[in-house]
Asker: 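One structure, as structure tokens, below. Some questions next.
Position 1 is the first residue of the sequence, and the numbers go up from there. Predicted model, so just to flag it, every value in this text is computed and none were measured. Remember, it's 1-based here, ligands and their atoms both numbered in the order they're listed.
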Amino acid sequence: MDAKHATAIPTPNSTGEVVTLVDKRTGNEVQLPVLSGTSGPDVIDIRKLYAETGYFTFDPGYTSTGSCASNITYIDGDVGILRYRGYAIDELAEKSDFLEIAYLILYGELPSAAEKEKFEQDIMQHTMLNQQIITFYNGFRRDAHPMAVMCGVVGALSAFYHDHLDIFDETDRMIASDRLIAKMPTIAAYAYKYTVGQPFMYPKNGLGYAENFLHMTFATPCEDYKVNPVLARALDRLFILHADHEQNASTSTVRIAGSSHANPFACIAAGIASLWGPAHGGANEAVLNMLTEIGTKDRIPEFIKRARDKDDPFRLFGFGHRVYKNYDPRAKIVQESCHEVLNELGIKDEPLLEVAMELERIALEDEYFVERKLYPNVDFYSGIIYKAMGFPTSMFTALFAIARTVGWIAHWNEMIADPVQKIGRPRQLFTGAADRPFVPIEKRG
Ligand code: SDX
């Protein structure tokens, strides 16, 4: 826990502007204040909308709704900007490392050398799991999907680590945060080992964060295993790119779970469940399956046609984004990393990469994709790297979850510390049956 950088509370500013509506019940004018942040669109503060006008808002999928104020991550989807605590993602990916940006995302500032060393020690001393959890794994089938195992094991952590679960105590919050960041690689590596029937490899705390994960995943007790430093650096960079992304579906899930004051392990398990969906973090697994199904470049037009077809549920996985209407800045960095890893491993002419690059070229010239501003997102190339590293496709989203745990736990801390946050409880537009009397079964049609 780092007392120096306590969680900074988000503080919107009033612009002095107002939006005027009419109370549908009285005809009186109602003025709603406009608030601004440091970057991005201003917001209409509608907290009093229903009380003062009788209206709800209607925004399925929250396409135009801000759920909170936050200091953590800023995205400009039109320009393709992503910043963690004000620092551009391309600079962080090139010049920083995952635990350093974990500190930045958690505490709001880049650590000094001493702060970084202490944070790394705090994290690396929590990498082991309670031995009883190893028994917990034995309850799963060997062919269980790693994300199902991750949901179960992370949700169960509160049954093993209940000594520091006072969510209103900042020290307890930070201990739980450190435990989650530290144990996710171990939990994910063991989910893989369990499905391949190999013994679990204990963490080696002298290794780096990504290096330790690769060791736990691919080493065996039978021989010495040396992690390839180029692969460790590439994975560390991928963890940086996946660490946080503002109010995406899984982060919003963690926030709304946390708003009921559930314990942090339960909240992160909820985030893992949401991330698993192929429309979100599960897309990296779906992309690899899609590229494999396409197989060769000559079949690409057939799949583009299906993606454009309203009557066909098929979508081009790894393309499109709710926020980015320009190239996802992370996708460019992942593509560059892809070439670096394939070269390091001596993999020439990887057919999946050939298909992916040709698919991107064709899609970016196709008016369906151009009109809808559909570009490759972070999931489009990442799976090719993971596959080259030796991970099965079923592990791809678990890798995403390891990294995103930092963002989830930072947003959870920010929400708990924010005095204006309250339990998340949206309303609805009811379009069901009006009031009607019960019909006894003998009188039903
Ligand atoms: C992640 O939110 C985040 O920040 C997420 C993430 C993070 O870091 O947390 O960035 C990680 O989840 C990236 C996204 C991974 N998902 C995929 O790659 C799955 C494929 N993409 C789509 O499912 C879709 O693009 C979404 C879910 C990502 C975004 O959906 P939206 O914002 O709700 O957009 P939409 O469905 O309203 O699409 C707008 C139009 C529609 O056509 P029309 O009705 O206007 O004719 O674009 C079409 C869609 O049919 N469209 C696609 C498409 N994505 C959108 N058509 C074909 N293929 C696609 N991939």
Asker: If you have a sec, work out which protein heavy atom is nearest atom 14 (C) of ligand 1 and how many Å separate them, to one decimal?
Answerer: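 It is Asn377 ND2, 3.5 Å.
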Asker: Are the side chains of Phe391 and Ile385 in touch, meaning some heavy atoms are under 4.5 Å apart?
Answerer: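 Counting from C-beta outward, Phe391 and Ile385 never come under 4.5 Å.
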Asker: Check each atom of ligand 1 against the heavy atoms of Ala283 and keep those under 4.0 Å away; list them by number with element.
Answerer: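 Counting atoms of ligand 1 from 1, those under 4.0 Å from Ala283 are 15 (C), 16 (N), 17 (C), 18 (O).
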Asker: In the protein, which heavy atom is nearest to atom 45 (O) of ligand 1, and how far is it?
Answerer: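 Checking every protein heavy atom, the shortest distance to atom 45 (O) of ligand 1 gives Arg372 NE, 3.7 Å.
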Asker: Is a donor on one side and an acceptor on the other found under 3.5 Å between the side chain of His215 and the backbone of Glu211?
Answerer: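 Side chain of His215 to backbone of Glu211: no pair is present.
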Asker: Heavy atoms of the protein only: does one fall short of 4.0 Å from atom 31 (P) of ligand 1?
Answerer: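 True for atom 31 (P) of ligand 1.
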Asker: Regarding atom 51 (N) of ligand 1: of the candidates Val378, Val323, Leu374, which has the closest heavy atom?
Answerer: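 The option holding the nearest heavy atom is Leu374.
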Asker: If you measure every N/O of His245 against every N/O of ligand 1, is any gap under 3.5 Å?
Answerer: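 Right, the criterion is met.
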Asker: In this structure, is the centre-to-centre distance between the rings of Tyr55 and Tyr50 below 6.0 Å?
Answerer: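 Ring centres of Tyr55 and Tyr50 not closer than 6.0 Å.
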Asker: Quick one: which ligand 1 atoms are inside 4.0 Å of a heavy atom on Arg322?
Answerer: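 Contacts of ligand 1 toward Arg322, numbered from 1: 29 (C), 31 (P), 32 (O), 33 (O).
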Asker: To which protein heavy atom is atom 11 (C) of ligand 1 closest, and what is the distance rounded to 0.1 Å?
Answerer: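 Of the protein heavy atoms, His280 ND1, 3.7 Å lies nearest.
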Asker: I need the nearest protein heavy-atom contact for atom 5 (C) of ligand 1: residue, atom name and distance, please.
Answerer: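 Among all protein heavy atoms, the one nearest atom 5 (C) of ligand 1 is His321 NE2, 3.6 Å.
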Asker: Under the side-chain hydrogen bond (donor to acceptor under 3.5 Å, both in side chains) rule, what pairs show up with a residue in residues 66-78, not counting sequence neighbours?
Answerer: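 side-chain hydrogen bond (donor to acceptor under 3.5 Å, both in side chains) check on residues 66-78 returns Ser70-Glu414, Thr73-Asp244.
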Asker: Among all the protein's non-hydrogen atoms, which is closest to atom 58 (N) of ligand 1, and how far away is it?
Answerer: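 Scanning the protein heavy atoms, the shortest distance from atom 58 (N) of ligand 1 goes to Leu316 N, 3.1 Å.
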Asker: Could you identify the single nearest non-hydrogen protein atom to atom 13 (C) of ligand 1 and state the distance to 0.1 Å?
Answerer: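 Here the closest protein heavy atom is Asp379 OD2, 3.4 Å.
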Asker: May I ask you to identify the nearest protein heavy atom to atom 38 (O) of ligand 1, giving residue, atom name and distance to one decimal place in Å?
Answerer: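 The protein heavy atom lying closest is Arg315 NH2, 4.3 Å.
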Asker: Ligand 1 and Phe319, any nitrogen or oxygen pair closer than 3.5 angstrom?
Answerer: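 Yes; the residue has a nitrogen or oxygen that sits under 3.5 Å from a nitrogen or oxygen of the ligand.
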Asker: Within the 4.0 Å heavy-atom shell around Lys310, which atoms of ligand 1 are there?
Answerer: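 Checking each atom against Lys310, I get 42 (O), 43 (P), 44 (O), 46 (O), 50 (O).
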Asker: Can we say Arg306 and Asp309 salt-bridge, meaning some charged N sits less than 4.0 Å from an Asp/Glu carboxylate O?
Answerer: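 Judged by the 4.0 Å cut-off on N to carboxylate O distance, Arg306 and Asp309 do not form a salt bridge.
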Asker: Are Asn212 and Met124 packed together at the side-chain level, in the sense that at least one heavy-atom pair is separated by less than 4.5 angstrom?
Answerer: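 Yes, side chains in contact.
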Asker: How are the rings of Tyr107 and Phe119 set to each other: parallel, tilted or perpendicular (split at 30° and 60°)?
Answerer: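 Taking Phe119 first and then Tyr107, their aromatic rings stand perpendicular (interplane angle over 60°).
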Asker: Parallel under 30°, tilted from 30 to 60°, perpendicular over 60°: which one fits the rings of Phe136 and Phe140?
Answerer: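 The arrangement is perpendicular - the two ring planes meet at more than 60°.
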Asker: Any idea which atoms of ligand 1 are less than 4.0 Å away from a heavy-atom of Gly318?
Answerer: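 This gives 17 (C), 18 (O) as the contact atoms.
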Asker: Would you say atom 26 (C) of ligand 1 has a protein heavy atom nearer than 4.0 Å?
Answerer: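 Neighbour list for atom 26 (C) of ligand 1 is empty of protein heavy atoms (cut-off 4.0 Å).
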Asker: Should the pair Phe239 and Tyr209 be assigned to parallel (<30°), tilted (30 to 60°) or perpendicular (>60°) ring geometry?
Answerer: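 The arrangement is perpendicular - the two ring planes meet at more than 60°.
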Asker: Parallel under 30°, tilted from 30 to 60°, perpendicular over 60°: which one fits the rings of Tyr194 and Tyr137?
Answerer: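 Tyr194 and Tyr137: tilted rings.
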Asker: For atom 56 (N) of ligand 1, which protein heavy atom lies nearest, and how many Å away is it?
Answerer: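 The closest one turns out to be Tyr368 OH, 2.9 Å.
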